[in-house]
Protein chains: 2
Amino acid sequence: MNLKELAEELHLSQTTVSRALNGYPEVSEKTREIVLAAAQRFGYRPSPAARRLATGRAHALGVVFNAERNALMDPLFVEYLAGVAEVSAKQGFDILISPSTPRDEIATFGRLARDGTVDVVILSAPLIVDARISLLSELKFPFVVHGRPPEPAGVSYIDIDNFGAFQQATSFLIQLGHRRITLINGEEHFTFAQDRSHGAAIAFAAAGLPKNMLEEHFMPMTAENAYRCARQALESDERPTAFLCGSILVALGVLRAAAELGLDVPRDLSIIAHDDEMPAFPADQFHPQLTTTRSSIRAAGTRVAEMALARVAGQKPGTVADVWPVQLIVRGSTAAAPERG
Amino acid sequence: MNLKELAEELHLSQTTVSRALNGYPEVSEKTREIVLAAAQRFGYRPSPAARRLATGRAHALGVVFNAERNALMDPLFVEYLAGVAEVSAKQGFDILISPSTPRDEIATFGRLARDGTVDVVILSAPLIVDARISLLSELKFPFVVHGRPPEPAGVSYIDIDNFGAFQQATSFLIQLGHRRITLINGEEHFTFAQDRSHGAAIAFAAAGLPKNMLEEHFMPMTAENAYRCARQALESDERPTAFLCGSILVALGVLRAAAELGLDVPRDLSIIAHDDEMPAFPADQFHPQLTTTRSSIRAAGTRVAEMALARVAGQKPGTVADVWPVQLIVRGSTAAAPERG
DNA sequence: TCAAACATCCAAAGCGCTTTGAACACTGGG
DNA sequence: CCCAGTGTTCAAAGCGCTTTGGATGTTTGA
């Protein structure tokens, strides 16, 4: 059943029925009720395609899915998506996943913006120099960012306090007596990796420790990369007594390296990992249970979706700039630094 | 630039331009070339919304995202989605993610089918009694299934040989001398869980072993559930010498339980896990490296997307019924059963 | 009492595409 | 020279909604 038929059924015009359904004021309450009841009774649902064509608005929200990047390192993505989905479902918004490779990512964004298949896009993991942000800004296409944009002015975003988290975690390790610490970070072109790096560096500086005691590696945060890196670090002459890990997956790799080398965690080696709360990999299900800096990626997903919808509803960009605190949760993977041998 | 403007620019009718662009035969090659060139030059892109309204086809493919189920146990989902995305991107199809909870999943499917926002839906993890399949069949809405449908007749699907995989894995353990084996399976209403269960049971029967030596547990396949289950099994009087795990995550939980109880893998305990090839969690990055039954969930994603697109192109349902073989990869988590003590 | 203001409702014009049914020009066979 | 057949193009009618610009009563203020 379409609008025309419904209108005929009610002996009303399409205009009135449409307005009644969409809550416009220029229709009396009586008729609105009648219309609403009839729509319900006949199971009328407006055609999204027609509405889209008529209004120019898609009632959809775009998420660019970088197949290579996400598949490689992001079981997180599901959690994030679940958060986004939860909110957008409530508002009746569709979620369009646009796949892309790193190479054609820009083109994908351009297409999304021009085609009008979505009203707003959500952009994740911003880079130090981010062509996607430049492009969307230039096209004046609505977008919101999950993570800290390189130029936050005029951009709505939500981020977790990566700086604070790693500063706190590093300070904690230093207090425990650790001096040689290895940070296994994400790739350095991500803003979050920079923030974490700064956090750790500041903690060292604050403790009056030389910065070369902090060994830092930037890489895609997979278990395997982490394993290789940790293995190499642990077999070197001056091996670290503690690791800071960018994710739970990284911690997994480090744990394996430690196990293979017969090192006990936390006796010989302390580990702190950042935990985005993947339900599939709870930090407290590891052995030993992991000390973490914790923040919910899912909650971030819901928040960023809310922001996106607000943006569609007309909110100005740059209105929101949330930075969420990150909590240090001490569990069994950290202990006082071993005596120097 | 829209079609009308482009047509005026070319001094042609919209009809001709539209047909030239869409490859219809009733337009001469010369004009087609001219039109194509002009479209290119002006950067003309047809409006998806208008096309959708006019044709009734959405050029989109729907994936229902069961937020609770997926978020809980499926980092796999990302890999799967990557596979789907890869194929659909090539054909210019959008992917629409429809979130739902288990409660409103049926309604979500109904809406998808009626709204015309997608041309076909992909359905994952079919159940023994699956209302989604019934609904879509009844509505005569195109769909394809990832997994074995309860009533395969007239349904296009692709599945991995869960039966064969678990039969093979179980036989292998039996050959190694294991007699008490615990299978940590997915929830029993899934067809895949049934198939795995049967595979293991048949292997026991074939070896002439009583079926009560196979202890089986059905549950959501999380590390934590697996941990609890394994812990309980390992502390019982007649503890198993081997575990069959429904996923890598399950294996993680079992490994933890073993570690806490001071059991060495594979000396005291053998483990085989089914591996869907999550790049984030390679089975060979565990300690010890895991013996697995392996199949690529990503490849399944690409295949099921191809099927979905074929279905849209007019292929009859039930045409495809792929069952992919699963390979047993022997690594370090399996060994001969320990001597009875 | 009349004009102005308001509250309701409507007809019709889009939105940008596809597709039907027809027109037109050009060929070759009779 | 005419007609059927073919190849090429077009005008116009949708697709199902929103929205503009009235039209039609109904009140209100002076």
Side-chain angles (χ1 to χ4, degrees), chain A residues 1-36 38-39 42-60 92-94 111 114-119 312-314, chain B residues 1-36 38-39 42-60 92 94 111 113-119 312-314:
Chain A
M1 158 150 296
N2 60 23
L3 186 63
K4 191 175 170 188
E5 289 162 11
L6 182 62
E8 279 166 6
E9 196 74 43
L10 286 164
H11 300 292
L12 283 171
S13 74
Q14 292 190 42
T15 311
T16 306
V17 176
S18 171
R19 286 187 163 150
L21 257 23
N22 294 321
Y24 280 70
E26 54 270 76
V27 56
S28 74
E29 273 315 310
K30 297 157 227 157
T31 44
R32 187 189 307 279
E33 272 169 32
I34 294 169
V35 170
L36 249 31
F42 291 108
Y44 167 75
R45 298 189 50 85
S47 147
R51 166 181 294 180
R52 182 172 302 196
L53 181 58
T55 60
R57 318 219 296 137
H59 257 244
F93 262 59
D94 290 328
R111 194 167 48 73
R114 273 182 277 258
D115 274 5
T117 32
V118 300
D119 300 319
V312 171
Chain B
M1 159 153 294
N2 61 22
L3 186 62
K4 190 175 171 189
E5 290 162 10
L6 182 62
E8 278 167 8
E9 196 74 42
L10 286 164
H11 299 293
L12 282 172
S13 73
Q14 292 190 43
T15 311
T16 305
V17 176
S18 171
R19 286 186 162 150
L21 257 24
N22 293 322
Y24 281 70
E26 55 271 74
V27 57
S28 75
E29 274 313 312
K30 296 157 231 158
T31 43
R32 188 189 307 279
E33 274 169 30
I34 293 170
V35 170
L36 249 32
F42 291 108
Y44 168 73
R45 298 189 51 85
S47 147
R51 165 182 295 179
R52 180 171 300 194
L53 181 59
T55 60
R57 316 219 299 138
H59 257 244
D94 290 329
R111 193 166 48 73
R114 274 181 275 259
D115 274 6
T117 30
V118 301
D119 300 319
V312 171

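To find a chain, count down the sequence lines: A is the first, B the second, and so on, and within it residues start at 1.
Regarding A:E5, its CD atom lies at a distance of 13 Å from the C1' atom of D:dC15, rounded to whole Å. Counting to the nearest Å, the C1' atom of C:dC10 and the OH atom of A:Y24 are 16 Å from each other. Rounded to whole Å, the distance from NZ on A:K4 to P on C:dA11 is 12 Å. Atom P of nucleotide D:dT18 and atom CG of A:L3 are separated by 7 Å, given to the nearest angstrom. Rounded to an integer number of Å, the gap from A:M1 CE to D:dC17 P is 10 Å. In this structure, the CD atom of A:E8 is 14 Å from the C1' atom of C:dC10, given to the nearest Å.
With B:S18 contributing its side chain and B:Q14 its backbone, the two residues share no donor-acceptor pair below 3.5 Å.
Considering only side-chain N and O atoms, A:N2 lies nowhere under 4.0 angstrom from the phosphate OP1 or OP2 of D:dC15.
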Side chain to side chain contact (heavy atoms under 4.5 Å, CB included) between B:V17 and B:L3, worked out: CA-CA 8 Å; B:V17 176; B:L3 186 62; 3.5 Å; yes

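Contacts between residues 43-58 of chain A and DNA chain C, counted as heavy-atom distances below 4.0 Å, involve A:L53, A:A54.
Nearest approach of B:D119 to B:H59, heavy atoms of both residues: OD2-N, 2.6 Å. Considering all non-hydrogen atoms of both residues, A:R32 and A:R19 come closest at NH1-O, 3.8 Å. Between A:R52 and A:A60, the closest heavy-atom pair is NH2-CB, 4.4 Å. Closest approach of B:G116 and B:A58 over heavy atoms only: O-CB, 3.5 Å. Taking each heavy atom of A:Y44 and A:M1 in turn, the nearest pair found is CD1-O, 3.2 Å.
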Using a 4.0 Å heavy-atom cut-off to protein, can you give one letter per nucleotide of nucleotides 4-13 of chain D, 5' to 3': B if the base is in contact, S if only the sugar-phosphate is, - if neither? ----SBBBB-

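Separating the CD atom in A:E5 from the CD atom in A:E9 is a distance of 8.5 Å, to the nearest 0.5 Å.
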